[in-house]
Structures are given as structure tokens and as C-alpha cells.
There are 2 protein chains.
Amino acid sequence: MSKIDDITHQERLVQAAGCPMPNIAKLIGGKWKLIILQILIFQGMKRFNALRRLCGDITQTMLTNQLRALEKDGLVKRKVYAEVPPRVEYSATQKALDLTDMFMCMHDWYVKHDK
Amino acid sequence: MSKIDDITHQERLVQAAGCPMPNIAKLIGGKWKLIILQILIFQGMKRFNALRRLCGDITQTMLTNQLRALEKDGLVKRKVYAEVPPRVEYSATQKALDLTDMFMCMHDWYVKHDK
DNA sequence: CGGAATCCCACAGGATACTG
DNA sequence: CAGTATCCTGTGGGATTCCG
């Protein structure tokens, strides 16, 4: 590792030490948000009921709530088609896609320690 | 990026897509665990009351609970000194230190999107 | 100082029914 | 199909007290 990279790394360490976790928890905390985001980020756009099935045993109400919150925070895009029966498609925004690295870190860590 | 690196990256993406988030949430979810871990990882060993102050307004009971849970999951080391008054020091285990990358990802993401 | 024991409650999360 | 609208419950988290 070069000297400049080393300095950059140290700087990132210092910065990360002060990162406000409560703010992050507001965005991606709770029982379902990471699950929903993982699906939309790695599997792409999904319709409501498809997402519902992939989430496991989440209820309609809860899925709606979580999706609304994620949408409000700019993590999920909601596209409604004017059709009958109705069709609504959910997908990850760029902001959500930028969490890909974090998900991979989590996965690598999980595999290393708990698999 | 070389071809082999590219394949590795693709493979990591596929793997991460199936990473069980509920299991991870069990380990580092909830209101306090990420905060506690962040302190111990980036600031090193802390005594109980020092940790308490750094956490903000966490109660003794809750801090004890969270530390016990983290210790049980191998994320926190607890060292008791046979002194009067008692002294207990908490520190991050290697398993917790391996979360450093994840914290930096979170921080970079937070800075990019919400700072 | 660093807890354990108790009691307590708001609210995250869930079950059910109804609807455009 | 993709939602609301209600009502309900469990538990994550908190306040207080006591203790070695």
C-alpha cells in the first residue's frame, strides 16, 4: 500500500469513528428494511406480491409500511402502471445501490465467522 | 480490473444476494449494538461507565444487556479486575474488528448521501 | 464501580377484514 | 393486485431500587 493510500485509509478510519449510527439505523434499521433492500439491489425490480413472497412471511401491511418509508428516504423507486388489475413495480434507487459494498462486507463477514 | 477479479466480483455479488439478513440482524441489530461496537472498534478498550457516557443516554441495564449479548456472540471481550472498587474493561474481539470495513462502507455511504 | 432484580410501557410489528 | 383501515399483542427498551 502506498503512503498516500495509507493516509487515506487512516483518514477514513477516523471519519468512520464518528459516523452517527442512529441516523443510519433510521434509514436501514428494523426487521425488514435490509431484507427488502437486499432483494431489490441484488435481484432487481420486483412487483409487490413477488417481493412479498421473497421476504418470507411479511404481512401486506408491514411490506407497504416499509416500502413507503424506504421510498420517502430515497432508497426505493415506486412505479405504478395504470392497468387493471393494478401493477406496481419497486426497484432500488442509486442511493440504495450504493449500499452494495456494505452488503458484500456483511456477507464476507458472516461467511468468515458464522457459516 | 482483470478477468479473474471480475469473476470474483460477480461471484461475491451472487453470494451476497443470498446472505441471511435476519441472522446478521440478530448479531448487530437493535438500537445500541452498532453504537457500542463502533466505540470499541474505533476507540479501543473502555471501562463500563466510560462506555456508558460515550453511548449517550443508554441506561445501565440496557448497556449491561447489550454487552452480555455481544459477549455471548463473540463480539466483545470482558475483562474483570479483582479490585475494589471493581474495574471491568470491554474491548472488541477480532470478530468485531472484522466489521471495520462494514462500518467504513456505512460511513462513506452516509457522507455521500446524507451529510 | 459495575452490576442484578423488578416493574413498566410505548411502539414496532402483526392479524384480519375490506376495497378500487 | 395492491393496497387501506382497524384493532391488537409482544417485546425491545427504560426507570427505579438494591447490592457486593
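Reminder, nothing fancy here: chain letters follow the sequence lines and each chain counts from 1.
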*May I ask you to decide if L63(B)'s main-chain N or O and R52(B)'s side chain share a donor-acceptor pair within less than 3.5 Å?*
no

*Kindly state each residue pair satisfying salt bridge (charged side-chain N to carboxylate O under 4.0 Å, His left out) with at least one member in residues 97-112 of chain B, sequence neighbours excluded.*
R12(A)-D108(B), D98(A)-K112(B), K112(A)-D98(B)

*What closest approach, in Å, do T93(B) and G74(B) show between heavy atoms, and which atom pair accounts for it?*
OG1-O, 2.7 Å

*Would you indicate whether the side-chain heavy atoms of L75(A) and L99(A) approach each other to under 4.5 Å?*
yes

_For DNA chain C, which residues of residues 64-92 of chain B approach it to below 4.0 angstrom with any heavy atom?_
T64(B), R68(B), R78(B), P85(B), P86(B), V88(B), Y90(B)

Mind listing the N/O atom pairs, protein and nucleotides 5-11 of chain C, below 3.5 Å?
unit_1: dA5(C); atom_1: N6; unit_2: T61(B); atom_2: OG1; d: 3.1

*With V76(B), which residues qualify under side-chain contact (heavy atoms from CB on, under 4.5 Å), at least two apart?*
L37(B), L40(B), L67(B), L70(B), Y90(B)

*Indicate if V111(B) and V14(A) have the same hydrophobic cluster label, given that clusters are the connected sets of ILVMFWY residues with side-chain heavy-atom separations under 4.5 angstrom.*
no

*Measure the angle between the two terminal helix axes of the helix from dC1(C)-dG20(D) to dG20(C)-dC1(D), five base pairs each, and quote it to 10°.*
50°

*L97(B): what forms a side-chain contact (heavy atoms from CB on, under 4.5 Å) with it, not counting sequence neighbours?*
I41(B), A92(B), Q94(B)

*For DNA chain D, which nucleotides open and close the run of contacts to chain A, 5' to 3', at under 4.0 angstrom from a non-hydrogen atom?*
dC1(D) to dA5(D)

*Hey, can you pull the residues of residues 29-60 of chain B with a non-hydrogen atom under 4.0 angstrom from DNA chain D?*
G30(B), K31(B), W32(B), T59(B)

*Listed once per pair and sorted, the side chain to side chain donor-acceptor pair (under 3.5 Å) pairs that draw on residues 55-66 of chain A, sequence neighbours left out*: none

_Residue pairs fulfilling salt bridge (charged side-chain N to carboxylate O under 4.0 Å, His left out) with at least one residue in residues 17-41 of chain A, sequence neighbours excluded_ = none

*Between V88(B) and Y81(B), is any pair of side-chain heavy atoms under 4.5 Å apart?*
no

*Could you tell me the separation between the NZ atom of K95(A) and the NE2 atom of H113(B), rounded to the nearest 0.5 Å?*
7.0 Å

_Taking side chain to side chain donor-acceptor pair (under 3.5 Å) as the cut-off, I'd like each qualifying pair that reaches into residues 34-50 of chain B, sequence neighbours left out, listed once._
none

*Minimum heavy-atom separation for I35(B) to M21(A), with atom names?*
CG1-CB, 3.8 Å

_Exercise: identify the closest heavy-atom pair between A16(A) and F103(B)_ = CB-O, 4.3 Å

_Contact list for residues 61-88 of chain A, test salt bridge (charged side-chain N to carboxylate O under 4.0 Å, His left out), sequence neighbours left out_ = E83(A)-R87(A), R87(A)-E89(A)

